[in-house]
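The structure under discussion appears below in the form of structure tokens.
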Amino acid sequence: MTQSTYTREELLAAHEQLVDNDCGTADDHLYTDGGTASPRADGGSASDASGISSGAKRTDGGSREPPVVVKVGGARAVDPAGAVADVAHLVANGREVVVVHGGSTAVDDTLEDLGEEPTYVETPSGVVGRFTDERAMEVFSMVMPGKLNTDLTATLRNAGVDAVGLSGVDGGLLSGKRKSAVRVVEDGKKKIKRGDHSGKIESVNAQLLETLLGDGYTPVVTVPMLGEEQDGSVTPVNADADRAAAAVAGALGAELVVLTDVSGIYKNPDDETTLIDSAKTPEELKSVETAAEGFMTKKVMAAKEALTGGASAVIVSDANVNDPIVSALTGAGTRIE
Amino acid sequence: MTQSTYTREELLAAHEQLVDNDCGTADDHLYTDGGTASPRADGGSASDASGISSGAKRTDGGSREPPVVVKVGGARAVDPAGAVADVAHLVANGREVVVVHGGSTAVDDTLEDLGEEPTYVETPSGVVGRFTDERAMEVFSMVMPGKLNTDLTATLRNAGVDAVGLSGVDGGLLSGKRKSAVRVVEDGKKKIKRGDHSGKIESVNAQLLETLLGDGYTPVVTVPMLGEEQDGSVTPVNADADRAAAAVAGALGAELVVLTDVSGIYKNPDDETTLIDSAKTPEELKSVETAAEGFMTKKVMAAKEALTGGASAVIVSDANVNDPIVSALTGAGTRIE
Amino acid sequence: MTEAECAECGATLDLADDLETGEIIDCGTCGAELEVIDVNPPVLDRAPELEEDWGE
Amino acid sequence: MTEAECAECGATLDLADDLETGEIIDCGTCGAELEVIDVNPPVLDRAPELEEDWGE
Ligand SMILES: [Zn+2]
Ligand SMILES: [Zn+2]
């Protein structure tokens with residue numbers, strides 16, 4: 001198909017075809033032995049209009065393949081439709097999937113609707129990031145676990161995926177210290193800015209994800225994370241969604257697919273022919289780090305964190321193709337191991 | 001204690017005392033044989049700053065008591081602090097708890113912050129309800145599963161409760177048909193208003209709640225629900241939170257405690273001395289229905305739905321006392337069975 | 001004054017000038033409840049039976 | 001021009017007139033990084049070492 005959006009009928013038809021006669025193509029190794037989820041033994045539970053029986057237990061004794069963690073962006077440029085269909089495809093064929101999503105652009109849009117301005121700062125190493133003051137944190141909670149997570153969970157359910165939306169706060173899924181002070185560069189001067197509602201993910205509640213995956217659910221995860229204050233209390237705080245995806249992939253030993261609006265990491269970002277296919281050695285990783293510019297810098301840092309944390313591989317690939325996840329898992333984009 | 005807010009130290013101190021030397025008072029029957037959650041056998045999982053080890057499994061072979069479903073309001077008049085401490089109390093003593101919350105007032109506040117007006121309509125039977133157009137539904141998703149659910153989940157976690165926030169969309173937790181047309185009375189005329197994003201809960205994914213409860217989590221549930229369209233697709237839609245609590249209590253066979261800003265249901269709403277203690281027979285229930293006015297009408301309808309659906313009892317009681325849930329379970333307010 | 005047919009029994013109904021889309025009117029002949037689908041030209045249909053469900 | 005003491009070595013630092021709260025200045029004597037806690041009167045403290053963590 002060359003289209004980039006699908007009707008629900010098309011999605012379910014493709015789903016049916018893939019489950020019934022996945023015809024021995026190059027992507028067979030992506031799936032388990034095909035154990036399709038069977039209805040739960042305890043009967044009587046919700047089955048919504050998409051025909052999903054919730055809580056199906058696996059009968060194939062577990063997946064041979066590690067789970068896939070898919071990071072989808074919230075930015076306007078990235079259309080989730082292809083990724084949604086691919087998640088349905090993978091799940092229908094027995095692969096465990098966790099979706100992680102961002103959405104900082106939508107947070108900015110909502111701040112502006114409220115007549116407020118987002119605050120961005122530059123770190124000493126030149127990275128531009130959001131400074132999340134108290135009001136921005138409120139709006140953040142409205143947009144990320146609120147509107148975006150609810151809508152994406154419903155969209156996935158429409159594609160036949162038994163999706164469950166969670167933020168890092170739920171069950172302490174993503175936790176770590178709150179970092180309320182941040183070093184910034186402003187008007188050429190080094191400064192400390194205090195009152196930031198952000199943090200660094202140090203811990204993942206993998207058991208919660210594994211319980212849900214084992215019951216046939218597909219977790220749809222987003223920030224905020226649960227930030228620990230110095231007095232021991234906890235509060236929802238902002239964290240980078242690419243790093244959240246990396247933390248989840250590390251904790252689950254998963255393959256991490258980071259979908260973005262370029263085809264991968266380029267040796268020369270202005271020259272599309274210089275796409276880096278893969279990086280398997282420390283030297284190759286170093287050249288990837290050097291090559292990455294702008295927003296890609298953060299993604300490469302997240303990729304390193306994922307691998308250090310236990311992810312089996314990280315693939316940075318194009319979101320705007322028909323089968324973006326399967327393509328990424330079978331060679332498209334930049335694969336880092 | 002006569003205060004109505006607690007510091008975190010006070011909460012944890014009260015919690016400690018209650019777990020260690022719950023001294024054989026009248027509320028002993030509320031708890032299980034005291035099987036406190038033990039650390040998970042599989043080790044290694046997130047333990048956040050509140051000291052909560054996630055995913056603890058029960059060692060007492062299950063609760064003798066049915067779960068408690070607690071409905072807390074979102075309206076300004078209702079202060080959740082007493083309820084939060086009580087949830088921590090119940091959970092620490094082995095009772096399974098599901099919290100359900102509303103928040104329509106906060107939705108209105110946010111619509112006004114955005115420069116928009118909420119739409120309310122009157123049904124032919126005189127009930128005033130929200131008409132949820134597309135924009136109101138967006139804001140609803142921002143506020144209910146977004147800001148309010150995230151904040152309440154974090155507040156409960158600070159009190160030592162292993163809370164997991166969910167909306168009706170997650171795992172199809174609350175599902176049913178979308179009702180996009182509603183009969184209203186406007187300027188004395190009967191009309192049909194189309195384009196409502198609300199629905200009626202027909203199904204509860206009890207298995208998801210039971211899995212989480214069994215792993216030691218306390219689900220914190222809110223609307224939207226997952227609404228089924230005529231073409232089979234699903235979309236998040238508004239539903240009354242009291243009715244959502246009723247549906248959950250019915251599905252779990254739980255005791256439902258509905259906390260509100262009055263002491264219970266009054267025979268004569270203008271006379272505080274006419275509080276109805278209990279209603280156990282059809283006749284007594286009928287007189288409760290007749291007595292209820294205004295917002296209490298909807299709560300009584302929800303109570304009936306809960307009992308019909310399988311809840312063991314419904315107690316409507318005051319949110320603004322120190323131990324509102326335990327008080328309700330031990331005789332305060334109006335008990336309907 | 002405009003006219004339209006009852007969707008149920010075919011009788012002719014006189015419609016008020018201030019008729020609004022969405023209004024429910026009762027057929028004087030057969031008693032059916034009709035919904036005003038459109039006002040110009042006027043289109044009537046059976047008014048759906050609807051349970052009372054309200055949101056939060 | 002205002003003055004303040006280095007929190008690390010006690011040396012006297014001359015502070016610029018346009019000094020802002022939160023600024024980080026380096027002590028010319030011992031090289032320590034100092035944070036401007038307050039400007040009037042000026043208060044300096046050791047600037048915390050902070051990892052780069054950013055939000056979404
Ligand atoms: Zn007629
Ligand atoms: Zn010095």
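Numbers restart at 1 for each chain; the letters A, B, ... are given by sequence-line order, proteins then strands.
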Under a 4.5 Å heavy-atom cut-off, does chain A meet the side chain of [X], its backbone, both or neither?
X	result
Leu174(B)	neither
Thr150(B)	both
Pro224(B)	side chain

Partner residues of Thr218(A) under the side chain to side chain contact (heavy atoms under 4.5 Å, CB included) criterion, sequence neighbours left out:
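Thr218(A) satisfies side chain to side chain contact (heavy atoms under 4.5 Å, CB included) with Val87(A), Val91(A), Val97(A), Val99(A), Val161(A) once adjacent residues are dropped.
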
If we only count heavy atoms from C-beta on, is the Asn205(B) to Tyr217(A) side-chain gap below 4.5 Å?
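Of all side-chain heavy-atom pairs linking Tyr217(A) with Asn205(B), at least one is under 4.5 Å.
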
Separation between CZ of Arg157(B) and CG of Asp170(A), rounded to the nearest 0.5 Å
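The CG atom of Asp170(A) is 8.5 Å from CZ of Arg157(B), to the nearest 0.5 Å.
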
Between CG of Leu226(B) and CG of Asn158(A), what distance do you get to the nearest 0.5 Å?
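These two atoms lie 8.0 Å from each other.
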
Considering only heavy atoms and a distance below 4.5 Å, find which of Leu114(B), Leu212(B), Asp113(B) pairs most often with chain A.
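Sorted descending by pairs with chain A, the first entry is Leu114(B).
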
For chain B, which residues of residues 244-251 of chain A have at least one non-hydrogen atom nearer than 4.5 Å to it?
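Against chain B, none of the residues of residues 244-251 of chain A fall inside the cut-off of heavy atoms under 4.5 Å.
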
Report the option among Pro236(A), Gly176(A), Ala154(A), Gly165(A) that has the most heavy-atom pairs separated by less than 4.5 Å from atoms of chain B.
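Option with the top pair count is Gly165(A).
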
